[in-house]
Protein chains: 2
Amino acid sequence: MSHISEPTVRRLSNYYRVLEEVAAEGKRMISSQLLAEREGITSAQVRKDLSAFGSFGRRGLGYHVEHLRDEIRALLGLDRRWKACIVGAGHIGSALVSYRGFADQGFDVIAVFDADQDRVGRTLEGLVVRHISQLGPKEGFEIGVIATPVRAAQEVADALVAAGVQGILNFAPRKLKVPASITLRTVDMTMEFESLSYALTHTSDSGPRRRRSAPRRRA
Amino acid sequence: MSHISEPTVRRLSNYYRVLEEVAAEGKRMISSQLLAEREGITSAQVRKDLSAFGSFGRRGLGYHVEHLRDEIRALLGLDRRWKACIVGAGHIGSALVSYRGFADQGFDVIAVFDADQDRVGRTLEGLVVRHISQLGPKEGFEIGVIATPVRAAQEVADALVAAGVQGILNFAPRKLKVPASITLRTVDMTMEFESLSYALTHTSDSGPRRRRSAPRRRA
DNA sequence: TTTTGTGAACGTGTTCACAGCG
DNA sequence: CGCTGTGAACACGTTCACAAAA
């Protein structure tokens with residue numbers, strides 16, 4: 001199974017959700033063609049992705065829905081739970097603590113930290129917000145979630161690494177530096193806003209109006 | 001400037017943030033090399049990206065920080081404001097209404113909708129939550145943000161399109177169908193969780209433990 | 001016949017390396 | 001000399017097309 005590309009893992013995530021739906025609909029088998037249609041991709045892509053992990057299908061029949069779903073669940077590591085903490089009890093941090101999807105995917109949020117004394121001591125979903133200085137290796141956090149303002153993000157990342165986490169989910173719009181042994185995923189909403197803004201500016205109405213002078217051509 | 005790839009636009013977003021920082025530090029010029037280092041990419045990538053839009057640099061000197069920052073701001077369409085509404089006043093929706101980054105990037109959230117009568121009438125950041133049935137074309141929303149549970153997402157997307165939005169920012173973990181003329185960007189946290197879970201499962205400790213029986217080889 | 005699994009062909013995005021210009 | 005702008009080379013991911021299996 002050598003090396004798996006990032007896009008493949010992301011699509012695996014999608015297949016998993018589709019398979020859950022299809023299983024709920026009671027379908028027993030599904031072809032790569034049908035899976036592909038739900039995702040808006042080609043059937044060859046689906047087969048390539050899946051074949052990177054093994055031979056899950058049966059020629060002439062397709063894939064067994066529940067079996068494939070369970071295989072993918074295991075591949076994604078969703079058949080176990082992770083001990084997670086959230087740093088930052090502001091708007092986003094609070095929303096994340098309450099977010100059902102976290103628990104559903106196997107993330108147990110067992111602590112919330114913040115640097116602001118006004119927030120320390122408050123209760124969020126049954127968890128008392130603790131001061132960031134209490135973040136340490138004793139509680140065995142495996143995953144840390146960064147939901148702080150940008151300026152604090154790198155410092156918090158360092159603290160999480162020192163506390164022994166293996167993975168970090170970063171919601172601050174900044175590229176963070178972590179040791180190679182730590183897995184980092186960043187959810188950068190700012191980038192999505194700007195990508196949307198770009199697309200809206202450069203489609204339909206009036207096009208990419210050039211400010212000042214005439215359009216230059218390259219030599 | 002023909003066609004610009006999605007990755008290029010995303011990096012433009014990053015360059016913009018770096019340039020804001022560098023400008024604040026008082027630096028006048030910056031080379032593609034230095035810009036690249038901050039992003040962890042190659043200098044050739046930076047030059048290729050920028051040259052797709054014009055010749056912003058000076059050979060032997062580099063790029064003028066403030067000038068380049070302003071050019072990119074205009075390219076991303078950040079030199080204007082967008083009228084936006086948020087649908088879903090739950091945890092995530094509430095967090096987004098309060099999110100500073102929205103306003104900073106030129107998004108003016110001027111309305112919040114929800115389907116739940118218990119939430120309708122509440123106030124979020126000075127905005128009264130209104131019932132989803134009031135979502136219509138009269139207020140001239142240009143961008144709609146979906147912050148509802150998955151099951152409502154497609155229906156809300158349809159309603160936003162009917163209300164005349166040009167772009168949709170979707171926070172529900174589902175691939176939505178919208179007309180080709182509408183720009184859709186999805187922030188799928190679930191996918192990031194799962195990608196993180198995958199990475200953690202397949203690195204370091206014990207590797208990708210195979211459940212049941214021996215690994216099959218392909219024929 | 002249907003549909004998978006996969007080598008080969010293709011296309012797209014990244015990196016190299018250097019000509020060109022300040 | 002320093003650094004940009006860019007064609008050419010390269011790497012990587014997607015799609016094609018078909019042999020193999022049910």
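Order of the sequence lines fixes the chain letters, A, B, ..., with proteins taken first and strands second; residue numbering starts at 1 for each chain.
A straight line from CE of A/Met29 to C1' of C/dT4 spans 11 Å, rounded to a whole angstrom. Nucleotide D/dT4 holds its P atom 9 Å from the CD atom of B/Gln33, rounded to whole Å. Atom C1' of nucleotide D/dC12 and atom CG of A/Asp49 are separated by 14 Å, given to the nearest angstrom. For the pair A/Ile30 CD1 and C/dT4 C1', the computed distance is 14 Å after rounding to whole Å. Between the CG atom of B/Leu34 and the C1' atom of D/dC3 there is a distance of 12 Å, given to the nearest Å. At whole-Å resolution of the value, CD in A/Gln45 and P in D/dA17 are 16 Å apart. Spacing between atom CZ of A/Arg58 and atom C1' of D/dA22 amounts to 9 Å, rounded to whole angstrom units. Whole-Å rounding puts the B/Tyr63 OH to C/dG22 C1' distance at 14 Å.
OP1 or OP2 of D/dT15 sits under 4.0 Å from a side-chain N or O of A/Thr42.
The backbone N or O of B/Ala199 sits less than 3.5 Å from a side-chain atom of B/Thr203, completing a donor-acceptor pair. With B/Ser195 contributing its side chain and B/Met191 its backbone, the two residues share no donor-acceptor pair below 3.5 Å.
Here D/dT14 is the nucleotide among D/dT14, C/dT4, D/dT6 with the atom lying nearest to any side-chain atom of A/Arg11. Nearest to the side-chain atoms of A/Ser32 among the listed nucleotides D/dT4, C/dT4, C/dA17 stands C/dT4. Of the candidate nucleotides D/dT15, D/dC18, D/dG5, D/dC18 has the atom nearest to the side chain of A/Arg47.
Annotation: B/His67 is not in aromatic contact with B/Tyr63 [ring centroid separation under 6.0 Å not met].
Contact of A/Lys48 with D/dT15 (side chain to base): a donor-acceptor pair of N or O atoms is detected under 3.5 Å. Taking 3.5 Å as the limit, the base of C/dG20 and the side chain of B/Arg59 contain a donor-acceptor pair of atoms between them.
When A/Arg73, A/Glu71, A/Glu21, A/Arg11 are each tested for a side chain to side chain donor-acceptor pair (under 3.5 Å) with A/Tyr16, only one passes: A/Arg73. Considering A/Thr186, A/Thr148, A/Val187 as possible partners of A/Phe171, the one that fulfils the side chain to side chain contact (heavy atoms under 4.5 Å, CB included) test is A/Val187.
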